[in-house]
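Please read all numbers here as calculations on a predicted model, not as lab measurements. When reading the values below, keep in mind they use all heavy atoms of this one structure, side chains included, and skip hydrogens, waters and symmetry mates.
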Amino acid sequence: MSLTFYNTLTRKKEAFEPIDPRNVRMYVCGPTVYDYAHIGNARPVIVFDVVYRLLCHAYGADHVTYVRNITDVDDKINARAAEEGSSIRELTERTAKQFHADIAALGVLPPTVEPRATEHIDEMKALCEQLVAKGHAYVADGHVLFDVASMADYGRLSNRSLEEMEAGARVEVAPYKKGPMDFVLWKPSKQAEPGWPSPCGIEGDGRPGWHIECSAMAGKHLGQVFDIHGGGIDLTFPHHENEIAQSRCAHGTDLMARVWMHNGFLQVEGEKMSKSLGNFITIHDLLDTKDFGNSQWNGRVVRWAMLATHYRQPIDWTVERLQQARATMFEVADVLHGVEPSGEPNGEVLAALSDDLNTPSALSIVHGLLKSAKRNSEKRPELKATLQFMGLYGDETLEDLDPGREVRDIDAGAVEVLIAARLEARKGKNWSEADRIRDELAALGVVLKDTKDPASGDIVTTWELAR
């Protein structure tokens with residue numbers, strides 16, 4: 001089974017060849033635990049969960065190490081704890097617990113290792129010492145700073161030269177910095193902030209900068225050079241660029257990770273998500289309230305809606321997208337509930353996922369499998385195995401998929417017969433008959449959704465019960 005992934009570092013799609021097939025290693029930037037994770041945070045969690053599942057299938061679960069960190073020391077954490085009047089430990093523990101509950105509902109597997117930044121302070125201090133000793137960092141005014149000019153190819157990941165970055169820099173140019181792009185590896189702690197004895201002969205307590213946390217945790221658990229580093233496209237610069245700089249210069253390597261994968265941006269109903277616009281949506285909001293589209297959304301529905309767009313493309317998060325995903329999952333639950341999965345995931349679906357995680361193509365194939373499974377019960381175990389492999393279905397019922405729905409005694413088979421008759425009428429341009437069938441279904445409380453299959457161009461009709 002061959003895999004290909006788009007590599008941000010080389011800006012092309014490449015055949016994936018792990019350093020050691022017996023020890024495939026992936027690191028993904030995890031949450032900063034000070035508040036509920038928003039729906040944009042859910043995207044990399046879901047995307048790289050599918051990558052993890054794919055790697056486990058290709059190389060064996062015992063031969064894959066997936067590290068996703070937790071950042072539990074940060075300015076935002078300090079500010080939120082002070083605002084609440086709670087301890088930092090209490091805040092981070094509570095928020096991490098909520099994060100785990102929310103993503104579990106999305107069908108996300110736990111990573112192999114989930115390191116916390118505060119448990120790796122010694123490794124961060126050691127990196128600071130190494131970088132200063134090698135002339136890539138310096139001490140100034142109680143800080144340890146990375147000397148960007150000391151790295152000849154800084155900016156390779158984001159494809160920008162140092163001159164371009166300096167010209168457009170919007171960073172604090174502190175008087176103790178040698179260059180405007182130099183960034184903090186370690187800084188002094190203020191009163192009431194968490195702190196540890198500082199490295200490099202600095203007196204007093206301090207705390208790490210954000211970027212060095214991931215370098216230290218990745219290096220400890222995956223080694224100096226590993227296979228895949230993932231995260232959102234917004235992390236490419238400066239976070240991932242600075243991770244590369246720290247790790248490569250400390251260890252004297254040409255690479256930190258061989259493949260860099262980034263998922264695209266997310267917007268809500270055509271607009272950038274922000275609290276000021278009132279469209280800031282957390283995973284918790286979707287799962288536990290009716291704040292978006294007047295619905296409480298099942299986690300698998302959220303996952304299906306997320307994977308309907310290719311991971312590298314921007315995604316517009318809409319109520320319609322969720323409704324469409326839920327309607328399809330109604331059909332899945334009606335056909336597969338109680339069926340025992342068996343066999344391997346469908347080969348065509350695996351091939352689509354192996355081609356740079358082409359989830360839209362995979363879901364198009366799934367729609368075809370669903371049609372076959374409706375007609376032939378022998379196809380159902382393979383379909384269920386395929387959906388479970390993708391994390392898209394456990395054994396949810398219609399009520400699980402829409403907790404607030406009114407349960408009606410609907411004959412799903414009769415609905416499908418009417419839908420098929422309506423599609424035939426449309427093909428024959430018998431619009432009055434097609435409208436009549438739609439009205440008949442509407443009277444039963446059935447809402448139809450017509451979409452075009454991107455692969456075949458045919459009209460695909462899904463349905464759900466109206467509220």
Side-chain angles (χ1 to χ4, degrees), residues 28-53 56 66 68-70 92-112 114 230 232 263 266 268 273 279-309 311 315 317-319 321-334 336-338 341 359 363 366 384-405 464 467:
V28 176
C29 293
T32 300
V33 285
Y34 71 100
D35 203 349
Y36 289 120
H38 59 70
I39 192 62
N41 301 140
R43 193 174 193 193
V45 172
I46 292 171
V47 163
F48 291 102
D49 178 68
V50 179
V51 175
Y52 177 42
R53 291 166 183 264
C56 288
Y66 174 25
R68 188 188 65 223
N69 76 293
I70 286 181
T92 57
E93 286 295 324
R94 182 181 74 243
T95 310
K97 183 178 179 180
Q98 186 62 61
F99 172 75
H100 289 141
D102 287 344
I103 65 169
L106 302 178
V108 171
L109 299 173
T112 317
E114 191 175 49
N263 62 268
L266 178 144
V268 177
M273 183 171 61
N279 66 352
F280 188 86
I281 304 165
T282 69
I283 306 170
H284 193 69
D285 290 336
L286 289 174
L287 299 176
D288 289 349
T289 72
K290 294 186 177 181
D291 290 346
F292 191 64
N294 196 32
S295 285
Q296 181 180 340
W297 302 100
N298 177 275
R300 306 275 186 175
V301 171
V302 173
R303 184 184 181 98
W304 194 298
M306 191 71 77
L307 294 179
T309 296
Y311 80 95
I315 187 171
W317 196 251
T318 64
V319 172
R321 169 184 288 270
L322 285 164
Q323 289 172 333
Q324 188 171 339
R326 185 170 61 192
T328 301
M329 292 203 69
F330 279 169
E331 297 181 68
V332 168
D334 188 53
L336 297 184
H337 181 63
T359 55
L363 290 180
V366 164
K384 191 164 188 177
T386 301
L387 290 174
Q388 288 189 339
F389 169 73
M390 294 182 69
L392 287 170
Y393 184 66
D395 204 30
E396 289 83 4
T397 64
L398 299 182
E399 288 70 38
D400 294 330
L401 295 172
D402 186 1
R405 72 191 289 271
E464 65 177 328
R467 289 188 176 278

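- Within the 4.5 Å cutoff, the side chain of I39 has heavy atoms near those of the L266 side chain.
- Side-chain atoms of D49 never come within 3.5 Å of backbone atoms of V108 as a donor-acceptor pair (strictly under, hydrogens ignored).
- Between the side chain of R303 and the backbone N or O of M390, at least one donor-acceptor pair lies under 3.5 Å.
- The line from NE2 of H284 to CD of Q98 is 4.5 Å long, rounded to the nearest 0.5 Å.
- Side-chain atoms of N69 come within 3.5 Å of backbone atoms of G30 as a donor-acceptor pair (strictly under, hydrogens ignored).
- Considering L363, V301, V332, V50 as possible partners of L392, the one that fulfils the side-chain contact (heavy atoms from CB on, under 4.5 Å) test is L363.
- Side-chain contact between D400 and T397 is present, with heavy atoms from C-beta onward closer than 4.5 Å.
- Side-chain contact between V51 and Y66: absent, with no pair of heavy atoms (C-beta onward) separated by less than 4.5 Å.
- Counting only distance, with no hydrogens or angles, the side chain of D334 and the backbone of E331 share no donor-acceptor pair below 3.5 Å.
- Remark: side-chain polar atoms of Q388 are paired, donor with acceptor, to backbone N or O of G394 under 3.5 angstrom.
- For the pair W304 (side chain) and T328 (backbone), a donor-acceptor distance under 3.5 Å is absent.
- Take D291 and apply the salt bridge (charged side-chain N to carboxylate O under 4.0 Å, His left out) test, not counting sequence neighbours, and it matches no residue.
- Of the possible donor and acceptor atoms, one in the side chain of N41 sits under 3.5 Å from a partner among the backbone N and O of H38.
- Panel note: side chain Q296, backbone L287; a donor-acceptor pair is recorded below 3.5 Å.
- Contact annotation: the side chain of M329 approaches that of Y393 to within less than 4.5 Å [non-hydrogen atoms, C-beta and beyond].
- Proximity of Q323 to W297: side-chain heavy atoms (C-beta onward) are separated by under 4.5 Å at one or more points.
- Looking at every heavy atom in both residues, M273 comes nearest to G40 through CE-N, 4.0 Å.
- Checked by atom type and distance alone, the side chain of R321 pairs as donor or acceptor with a backbone atom of A305 at under 3.5 Å.
- Y52 has its side chain within reach of T112: a pair of non-hydrogen atoms, C-beta onward, lies under 4.5 Å apart.
- When side chains are defined from C-beta on, I283 does not count as touching V302, because their heavy atoms never get closer than 4.5 Å.
- When L106, N263, T359, I103 are each tested for a side-chain contact (heavy atoms from CB on, under 4.5 Å) with I46, only one passes: L106.
- Side chain of H337 to main chain of D395: a donor-acceptor pair is present (N/O by atom type, distance under 3.5 Å, no hydrogens or angles).
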